Amino acid sequence: MRKRIFSKKATTIALGLALTIPALTPAAAAGNGHVTIDSVKFNGMEAPKTIDDMVKTYTNASMDVKYSNGQVKNFPLSYKRLFKSEDKVAINKRKLIPAGTPIDVNGDPIMDTSVEGNPTYYVSDAPDSNSLLNPIHGQQYMVTHYEYQTIDAAGKSAYGIVPASMSLSKLEQDKETGELTPTSVKKIDFSSVNGLWIPCNGSLSPWNTHLGSEEYEPDARSFELPTSSTRTQVESFAKLYFGDKSKANPYFYGFIPEIKVDKNGEASVAKHYSIGRFSHELMKMMPDQRTAFFGDDGSYTTMFMYVADEAKDLTAGTLYAAKFHQTGTENGGAGNLEWIKLGHSSDKEVKNIIDSGIKFSDIFETSDVPKEGFKAIKQYSYGKTEYLKLKPGMEKAAAFLESRRYAALLGATSEFNKMEGVTLNEKDKKVYIAISDQSNGMLENASDPVDDMKLPKIKSGVTYQLDLTDGQKDSTGQKINSKYVAASMSGLIAGEDMPSADAYGNTADVNSVANTDNLSYSEALRTLFIGEDSGMHTNNFVWAYNVDTKELSRILSVPAGAESTGLFAADNRNGFSYIMSNFQHPGDELDGKNITAVDKNELKQAMEKEIGIDRTGGVGYISGLPFVGDLQNTNRDVKSNSQK
């Protein structure tokens, strides 16, 4: 995601599928009685060119399926909105409140009192992650993040000072069309884990739980300064959540929350402290159900890997950080990865350290200038070079509460920039990871304390692939107990920056991905879906990328100024497939764009009328993909799960 800073502020997919589908012709039926899929083609859509198209979320893309008998069937795609974050659909203490309204430690809606005498609900305009769970006792559920609040009712920035939230939606699925309809939306209670801090993206675990995130962790060093912006931010959060700013503690936040839904549709929450504290974009589990990789969003960040002690159990494990050894610059760049062990711990151990009242100054000594015994590092949360020395006996506290700082002290690379979405191609043993903006620490910087990365500047970003392998050892020569260790990374899809804006205000090629962010992979379609978080495209898009043919198709456009979020490809839910996709902060930052193809003021007016600027976000999905049940049923004609 873009960290919110305000002044106010035609693809052919060759598939190796062996799906049996209906005999489409008498000739085929008279032959072997079934046909198979030869290939799938996404027919992409053009970028929007009119104000009407620029203000809506839509697709007119389609997918062609070619069968072994030579026939082709077309499946038009469509977009279905489930609700907006401002819609009063969430049931909370027997009242309906907006879906994006956060609740406090007592479960009460948090109110916006910025306009004197007119209290209103805070409503997040930033829905993000969707996990469409596998059915639980036949019932379909979805967990959704509400990442932050852009502005308050008075028009001032509210980013990071208002507690965030998640919802659990109970969905009805039409048995004929697959259409999803929310029948109830409930806010998820985070009171047992001190609330929720900026939940960006998330993922579905192999054991059907939702793995959330807490991004842009508050800097504990700055928090100790009474007048710092970090102190103000965390105290504001505590005042709104607990009703008491003295309960503010930066070490409460920056972890992975796991959401479990039981057979009765009740959600429970656990934060996993042993996974480490950094700017969690999301956590993606590997097929062993033990190994995970992460996005660490921000500038001067680090690539982390976690290996749990037991499968399906994230309460204890070992945390590693990567050192990048550059091998090339082609297509964005490439390098080998060396893994440095930070330590092993359990949730209970780390939580006990937090509850002891530990502060940053208990873990590290600091110096304002180079000094013997101190090491110079540069990492995201502090933002500039600092000179640190670990205090005796503080290795575990440093590893799991100051993971990025400790990693840098041990020699890991802390130069990644805007490292965001992560997804898995299980068959090929590859992880895809988004670098939304390749600049800052990833460039050659002789003045930095360390300069492992000397990659080309690509402001519109690069999607990388990580190659997974077995038998890897850490930097000390000790074997890593995982078959899914990333040994190398290389550029897969690079954005194309432009020297000046086009008539629509785009500063990156509109026919290429700009600022890759959300990533989700469909094993069935051999397709990587990519959602943009781009100020370089006036309208952000969702793309389908064939990992075999390397071709790209635009399949969704979201409103001007909005970010495409919540991307999640669900291959089979009771026989139907979906591509979940949201948008957030519509109309944002349009003022600064040089748009001449349409009247910019008319565009802004249309945005305000149709959606509202920075007031709400949309939750929904792309439908129209082939119905899996029909593909496996030899007695019926093929249909799609598009909406009737």
Side-chain angles (χ1 to χ4, degrees), residues 104-105 163 189-198 212-226 228 230-239 241-258 268-280 302 304 306 308-309 313-319 321 341-367 374 377 379-382 386 388-410:
D104 65 16
V105 69
D189 179 13
F190 279 80
S191 61
S192 64
V193 293
N194 298 303
L196 178 65
W197 181 274
I198 310 180
S213 59
E214 289 187 308
E215 189 179 51
Y216 300 136
E217 83 286 5
D219 181 47
R221 177 177 180 174
S222 300
F223 181 81
E224 294 190 29
L225 302 174
S228 71
T230 300
R231 183 74 175 229
T232 300
Q233 188 180 26
V234 182
E235 287 185 341
S236 171
F237 183 105
K239 177 66 175 175
Y241 190 74
F242 299 109
D244 183 357
K245 74 175 186 179
S246 70
K247 293 186 177 181
N249 185 343
Y251 287 137
F252 285 164
Y253 312 109
F255 299 100
I256 294 289
E258 182 177 16
S268 59
V269 179
K271 277 189 186 177
H272 292 303
Y273 303 100
S274 70
I275 289 174
R277 180 175 174 270
F278 46 94
S279 182
H280 286 286
T302 301
F304 292 95
Y306 178 77
D309 292 352
D313 183 351
L314 303 178
T315 61
T318 303
L319 185 63
K341 181 178 177 180
L342 304 187
H344 175 277
S345 195
S346 67
D347 287 352
K348 183 177 181 180
E349 286 178 298
V350 181
K351 183 64 163 53
N352 285 341
I353 294 172
I354 297 170
D355 291 344
S356 73
I358 195 169
K359 303 187 299 295
F360 170 86
S361 56
D362 297 324
I363 303 172
F364 296 107
E365 293 183 48
T366 63
S367 174
F374 288 73
I377 69 166
Q379 57 84 40
Y380 164 71
S381 65
Y382 195 60
E386 54 187 335
L388 300 180
K389 180 180 180 181
L390 186 69
K391 290 188 174 181
M394 286 293 157
E395 289 80 5
K396 184 159 290 190
F400 296 95
L401 297 183
E402 294 288 348
S403 303
R404 200 183 306 105
R405 280 184 166 108
Y406 189 56
L409 286 179
L410 295 185

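Bear in mind the structure is a predicted one, so any value in this text is a computation, not a measurement.
- Interatomic distance, CD1 of I363 versus CD1 of I358, reported as 4.0 Å (0.5 Å rounding).
- Using a cut-off of 4.0 Å between Lys/Arg side-chain N and Asp/Glu carboxylate O, E349 and K396 are scored as salt-bridged.
- Taking the side chain as every heavy atom from C-beta outward, Y406 and E395 approach each other to under 4.5 Å.
- Counted within 6.0 Å of NZ on K391, heavy atoms from surrounding residues, nucleotides or ligands total more than 12; the atom is thus considered enclosed.
- Rounding to the nearest 0.5 Å gives a distance of 10.5 Å between OH of Y382 and OG1 of T230.
- To the nearest 0.5 Å, the span separating CH2 on W197 from CZ on F190 amounts to 15.0 Å.
- L196 places none of its side-chain heavy atoms less than 4.5 Å from the side chain of Y241.
- A side-chain donor-acceptor contact under 3.5 Å links S403 to the backbone of R277.
- We find the CG-CD1 distance between D347 and I256 to be 11.5 Å, quoted to the nearest 0.5 Å.
- Of all heavy-atom pairs between L319 and I275, the closest is CD1-O, 3.2 Å.
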*Evaluate the criterion side-chain contact (heavy atoms from CB on, under 4.5 Å) for residue pair R231 and L225; output intermediate values, then yes/no.*
CA-CA 7 Å; R231 183 74 175 229; L225 302 174; over 6 Å; no
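- Checked against the 6.0 Å centroid criterion, the rings of Y253 and F237 qualify as a close aromatic pair.
- Looking at K341 and T318, their side chains come closer than 4.5 Å, going by heavy atoms from C-beta outward.
- In plain terms, the two heavy atoms of D362 and M394 that are nearest each other are O-CG, 3.5 Å.
- Taking every heavy atom of both residues into account, L390 and F364 meet most closely at CD1-CE2, 3.7 Å.
- Two residues are said to be in side-chain contact when any heavy atoms from C-beta on lie closer than 4.5 Å; S346 and T315 fail this criterion.
- Judged purely by atom type and a 3.5 angstrom limit, E224 uses its side chain to pair as donor or acceptor with the backbone of F360.
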*Report the C-alpha separation of F255 and V193 in whole Å, then their side-chain angles, then the decisive distance to 0.1 Å, and conclude whether the side-chain contact (heavy atoms from CB on, under 4.5 Å) test is met.*
CA-CA 10 Å; F255 299 100; V193 293; over 6 Å; no
*Candidate pair L388 and Q379, rule side-chain contact (heavy atoms from CB on, under 4.5 Å), full reasoning*: CA-CA 12 Å; L388 300 180; Q379 57 84 40; over 6 Å; no
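- Distance CZ/R405 to CG/L409: 9.5 Å, rounded to 0.5 Å.
- Atom CD of E217 is separated from atom CZ of F278 by 9.0 Å, given to the nearest 0.5 angstrom.
- Judged purely by atom type and a 3.5 angstrom limit, K271 uses its side chain to pair as donor or acceptor with the backbone of F252.
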_Full working for side-chain hydrogen bond (donor to acceptor under 3.5 Å, both in side chains) between E365 and S367_ = CA-CA 7 Å; E365 293 183 48; S367 174; over 6 Å; no
*asked:* For E214 and I198: C-alpha separation, side-chain torsions, deciding distance, then whether side-chain contact (heavy atoms from CB on, under 4.5 Å) applies.
replied: CA-CA 5 Å; E214 289 187 308; I198 310 180; over 6 Å; no
*asked:* Between Y306 and S274, does the side-chain hydrogen bond (donor to acceptor under 3.5 Å, both in side chains) criterion hold? Intermediate values first, please.
replied: CA-CA 9 Å; Y306 178 77; S274 70; 2.9 Å; yes
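- Of all the heavy atoms in S345 and V350, the pair that sits closest is OG-CG2, 3.4 Å.
- Contact check on R404 versus D219 returns no salt bridge, with no Lys/Arg side-chain nitrogen under 4.0 Å from an Asp/Glu carboxylate oxygen.
- Using a distance-only test at 3.5 Å, with no hydrogens or angles considered, no donor-acceptor pair links the side chain of Y251 to the main chain of D355.
- When ring centroids are compared, Y216 and Y380 come within the 6.0 Å threshold.
- Taking each heavy atom of L314 and A308 in turn, the nearest pair found is CD2-CB, 4.4 Å.
- The two residues D309 and G317 make their nearest non-hydrogen contact at OD1-CA, 3.5 Å.
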